[in-house]
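Chain identifiers are assigned alphabetically (A, B, ...) following the order of the sequence lines, protein sequences preceding nucleic acid strands; residue numbering begins at 1 within each chain.
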Protein chains: 2
Amino acid sequence: MDMQPELCKVDDALGILVGKWKPIILLILLQEGTKRFSDLKRRVPGITQKMLTKQLRELEEEDIITRNVYAQVPPKVEYSISEYGRSLEPILVAMHEWGTAHTLHKTKKGQL
Amino acid sequence: MDMQPELCKVDDALGILVGKWKPIILLILLQEGTKRFSDLKRRVPGITQKMLTKQLRELEEEDIITRNVYAQVPPKVEYSISEYGRSLEPILVAMHEWGTAHTLHKTKKGQL
DNA sequence: CAGTATCCCGCCAGATACTG
DNA sequence: CAGTATCTGGCGGGATACTG
């Protein structure tokens, strides 16, 4: 296998996943499906409106999520994972599994 | 499958991989084995001594890489992937594959 | 409800110079 | 050769207030 370090395609995926709230937003949309803005805000404790909007806009810009605006009052906007965004799932799964094992690793290290 | 978004173990893996030069350093060590400091510096064009040192220290701190110092003049220090660090390989591979496909995705989008 | 608009701070990362 | 030390700017991210 040759991953051609010099081209570092890894950075492309990393760039999309990096952002303090992006992983959790993606996990929620992947596992629980379409969500409204306010539902996401409740689901991600601690996030501000500004940050939620920003992260969603960036993910939308990369075609990872889809934004659906309903022309009504009061406003209703729904977000969901795009078909393309779903292709990130294996990466998220791999990272989640590694993270779980990592927790144990750190625990063992601390017990020495 | 339940990845428990609220705990977001994904951030653990992400935190270790994030850093402007970490992915490329890890790919090089994974694919080409042990390297000296100066070899790495040559292998990663554009990186400064300060940044190379910093990224290596951070990876070492997480037990992802191993630092081997030879007590001689002139100094010789070798870096290699630790057994634990090798467990990150599936993630790097998944991200590289996604990144490669992503390039095509962007190209198609641009052609519309 | 679903956003903008401002103000602000900390830290990542770059440039450059120096050293055992 | 393999590092520190110092100065610096930019940007990610937080707090708060306002709006169609």
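Distance, A:Phe37 CZ to C:dA2 P: 7 Å, rounded to whole Å. At whole-Å resolution of the value, CG in B:Leu17 and C1' in C:dC12 are 17 Å apart. B:Tyr70 has its OH atom 11 Å from the P atom of D:dA2, to the nearest Å. When the C1' atom of D:dC1 is taken as reference, atom CG of B:Leu52 falls 12 Å away, rounded to whole Å. Look at CG on A:Leu40: it is 14 Å from P on C:dC1, rounded to the nearest Å. Between the NZ atom of B:Lys22 and the C1' atom of C:dC12 there is a distance of 11 Å, rounded to whole Å.
When atom types are taken as modelled, the side chain of B:Lys41 and the backbone of B:Ile47 share a donor-acceptor pair closer than 3.5 angstrom. Side chain of A:Thr103 to main chain of A:Gly99: a donor-acceptor pair is present (N/O by atom type, distance under 3.5 Å, no hydrogens or angles).
Residues A:Leu30 and A:Leu88 are not in side-chain contact: their nearest non-hydrogen atoms beyond the backbone lie 4.5 Å or more apart. Taking 4.5 Å as the limit, every side-chain heavy atom of A:Leu7 sits out of range of all side-chain heavy atoms of B:Thr100. At least one side-chain heavy atom of B:Leu40 sits under 4.5 Å from a side-chain heavy atom of B:Leu29. For the pair B:Leu56/B:Phe37, a side-chain contact is recorded, criterion being any heavy-atom separation below 4.5 Å from C-beta on.
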Give the B/S/- string for nucleotides 7-14 of chain D, one per nucleotide from 5' to 3', where a protein heavy atom under 4.0 Å of the base yields B, of only the sugar-phosphate yields S, and otherwise -. ------SB

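Regarding contacts with the backbone of C:dT4, a side-chain N or O of A:Arg57 is found under 4.0 angstrom from either OP1 or OP2. OP1 or OP2 of D:dA2 lies within a sub-4.0 Å distance of a side-chain N or O belonging to B:Arg36.
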Where each pair must be Watson-Crick or G-U wobble with both distances under 3.5 Å, what dot-bracket representation of DNA chain D is obtained, with crossing pairs in [ ] and other-strand partners as |? ||||||||||||||||||||

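Within 4.0 Å (heavy atoms only), B:Lys41 reaches no atom of the nucleic acid at all. As judged by a 4.0 angstrom heavy-atom cut-off over every strand, B:Tyr79 is placed among residues touching the sugar-phosphate backbone only.
Each of B:Lys20, B:Lys22, B:Arg67 was checked for a salt bridge (charged side-chain N to carboxylate O under 4.0 Å, His left out) with B:Glu58, and the lone residue meeting it is B:Lys22.
Checking B:Tyr70 against B:Glu78 by side-chain atom types alone, a donor-acceptor pair falls below 3.5 Å.
Summarising the geometry, atom CD1 belonging to A:Ile64 is positioned 4.5 Å from atom CD1 belonging to A:Ile16; distances are rounded to the nearest 0.5 Å.
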